[in-house]
Amino acid sequence: MIRRFATLTILSMLSLFGATSLFAAGGGHGAESDIVFPEPLAGYMDKEADMEAELGRPLTLVEILKERIASDPINLVASIIFFCAILHTFMCAKFNKMAHNYEHAHKEKLKKDGHSYPPGKEPVCFKATLFHFLGEVEAIFGIWVVPLVIAICITPNHGWDYAVEYVNNRNYTEPMFVVVIMAIASTRPVIKFAERCLKMVASLGHGSPLAWWLAILTVAPLLGSFITEPAAMTIAAMLLGQQFYKLKPSAKLCYATLGLLFVNISVGGTLSHFAAPPVLMVAGKWNWDMMFMLTHFGWRAILGIIIANALYLSIFFKELKSLKAEQKVENEANFEEPVPFWVIIVHLGFLAWTVMTLHEPPFFIGGFLFFLGFTKATDHYQYQLNIKSPMLVGFFLAGLVIHGGLQGWWIAPILSSLSETMLFCIATVLTAFNDNAAITLLASEVPAFGPLDIHGVAKSAEALVTARALEYAVVAGAVTGGGLTVIANAPNPAGQSILSKYFPEGISPIGLLLGALIPTLIMAVCFIVLPH
C-alpha cells in the first residue's frame with residue numbers, strides 16, 4: 001500500500017513538473033497565439049483617457065465600471081461567478097450537515113434491507129458523497145472554475161480558445177510552492193525541531209498549555225518572515241493542534257485562537273521582502289528591501305502581534321489557565337524513536353532549498369522529488385507523508401488564481417481613486433473577498449502606484465511621495481485583512497485544512513470573522529494610525 005502511494009505521489013509530482021515546464025513556456029495551446037484575454041488594464045485606461053478628453057471632465061467610478069462591462073461583458077459574468085464561489089464558502093457547514101444526514105439515512109436503509117456486503121464493498125451514498133465534496137472548502141474555487149470556463153466559451157467574441165489561453169497562461173507558481181512547502185514543513189523531523197525550539201520559549205511558563213498557546217502565536221508567525229508564511233502556518237497549526245486544540249477548549253476560544261493565528265501569520269511575514277505573498281508581488285517593482293520592510297512594516301507587525309496576543313490572553317486567561325496538558329504514558333505502543341540530528345538538518349536543507357527557489361518551480365519541484373526519496377530511505381523516523389491536504393490547498397489556490405485574474409477590471413479603478421486612509425480601509429475589506437496577493441499585484445499595475453506614470457515617465461518628487469504613501473497603504477491594508485476569511489491569505493487554507501478536525505461541524509466563516517476582527521482592528525491601528 002505504501003509503495004503504491006509513493007508511486008502515485010511521484011507520478012503526480014512528475015505531472016506537476018511537466019505542467020510547470022508548460023507554464024514556463026507560456027502555455028501549450030496559446031504559446032504563439034495572438035489572443036489577449038483579459039484585456040490589459042492599460043488598454044482600458046487609454047480608452048477612458050480619450051473619453052475624458054471628449055467629455056472635458058474625469059469619468060466617475062460608476063462610468064468607468066459601466067464602460068468596462070460594455071467593452072467586455074465577461075467582466076461582469078466572471079465577477080458574479082466569483083462572488084457565487086465566495087457565497088459557497090459560507091454554505092460549507094450546511095452542505096456537510098446535509099451530507100451527514102444523507103449518510104445516516106443511507107446506513108439506516110441498508111440495515112432495514114438486511115443485505116450483507118463484504119467489508120469495504122458497502123453501497124456508497126451518492127448524495128452524501130456529493131454534498132461532502134460541495135462542503136470541502138478547498139474544492140470550492142476549483143468547482144466554480146467549471147462555470148467560469150463555460151461562460152468564457154459561450155460569451156460572444158470569446159470561445160474555447162480564449163478559455164484555454166487564459167487558463168494556460170495564469171501563473172501557478174504559488175499554488176505549487178504551497179503544496180511542496182506544506183508537505184515538507186509537516187514532516188516529523190521539521191515539526192519535532194520546531195517543537196523543541198518553541199518548547200524552550202514555553203518552558204518560561206513551565207510548559208503549560210497557556211505557555212504553549214502564547215509561544216506558538218507569538219514566535220511562529222514571525223518565523224514566517226524567514227521560512228515563508230505557508231511553512232510557518234503549517235508548523236503553527238500542527239503544534240496548536242497537538243498542544244492546545246487537543247485539550248478541547250470552548251468553541252469561543254477555538255475561534256478566537258484561529259482568528260488570531262490567521263491575522264498574526266498574515267502580518268508576521270512582513271519583516272522581510274520575500275516571505276509574505278502580498279509583499280513578494282510588489283517588492284521588486286517598488287524597490288522594497290529588508291531594511292525598508294523592517295522600518296516600515298516589521299516593528300509595527302511585532303507590536304500588533306504582542307498587543308493582540310496580550311488582549312486575548314487577558315480575555316481568556318481563566319480558561320487558558322484551567323487547561324491541563326495530557327499526561328503521556330511511555331510504553332512500547334506509543335514509543336517514538338528520536339529523530340537523529342542529521343535527518344533534521346537534511347529536512348531543514350530541503351526546506352531552505354524550497355524557499356530559495358520559490359520563483360523557480362522546476363527547481364523546487366525537482367528538489368521535492370529528491371525529498372520524497374529521502375523520506376522513503378528514513379521511513380522509520382517519519383510520519384506517514386501527508387500529501388492530500390497540501391494538494392487540496394494547492395487546488396484551492398489554483399482556483400483562486402484563475403478567478404482572481406478576472407477581477408482587475410473593477411478592483412484597479414477602486415484602488416486608484418482613493419486617498420491613503422480610504423485605500424487602507426478598502427484594501428483591508430477587499431482582501432477578505434480576494435487573496436491579498438492579488439490585491440497588491442493589481443495595485444502594482446495601476447499608474448497611481450509605482451515610480452512611473454501612465455506613459456512610463458518618472459514622476460515628479462511630489463507625485464512620487466504620494467505614490468509611496470499609496471503603496472504603503474495598499475500593502476498594509478492587504479496584510480491587515482489577511483485573517484478575516486479563509487481566502488484572504490494564501491496560507492489560510494493550509495491552517496484550515498490542518499485544524500478543521502478540531503471543529504466538529506467544520507470551521508464557520510462567521511466564527512472565523514468574529515475571531516479575527518479584534519486582532520485586525522489592532523493591526524489597523526498599528527499600521528495606519530502610528531506615524532510612518
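Sequential numbering from 1 along the given sequence is applied to the chain's residues.
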Problem set entry | Residue that, paired with F262, satisfies side-chain contact (heavy atoms from CB on, under 4.5 Å) out of N489, L512, T520, T485 | L512

Does [X] reach the main-chain N or O of [Y] with its side chain, forming a donor-acceptor pair under 3.5 Å?
X    : Y    : answer
S250 : L253 : yes
S389 : A494 : no
S497 : P493 : no

Quick check: [Y] with [X] (ring centres under 6.0 Å apart)?
X    : Y    : value
Y472 : F297 : yes
F131 : Y102 : yes
H347 : F371 : yes

Exercise. What pairs of residues pass the ring pair (Phe, Tyr, Trp, His ring centres under 6.0 Å) test when at least one of them lies in residues 488-517, not counting sequence neighbours?
Worked result: Y245-Y502, Y245-F503, Y255-F503

For this session: Applying side-chain contact (heavy atoms from CB on, under 4.5 Å), name anything that partners P413, two or more places apart in sequence or on another chain.
Result: L61, I64, L65, R68

Exercise. Got I414 and I426 here, is their nearest side-chain heavy-atom distance under 4.5 Å?
Worked result: yes

Exercise. Under a 4.5 Å cut-off applied to non-hydrogen side-chain atoms, are F368 and V179 in contact?
Worked result: no

Problem set entry | Separation between CE of M523 and CD1 of I528, rounded to the nearest 0.5 Å | 15.0 Å

Exercise. Do the side-chain N and O atoms of W144 and H88 include a donor-acceptor pair separated by under 3.5 angstrom?
Worked result: yes

Exercise. Taking atom types as modelled and ignoring hydrogens, do the side chains of Q496 and N492 form a donor-acceptor contact shorter than 3.5 angstrom?
Worked result: no

Which pairs would a plain distance check flag for residues 212-223, meaning a side-chain donor or acceptor within less than 3.5 Å of a matching protein atom at least two apart in sequence or in another chain?
| unit_1 | atom_1 | unit_2 | atom_2 | d |
| --- | --- | --- | --- | --- |
| W213 | NE1 | T257 | OG1 | 3.0 |
| T218 | OG1 | L214 | O | 2.7 |
| T218 | OG1 | N309 | ND2 | 2.9 |

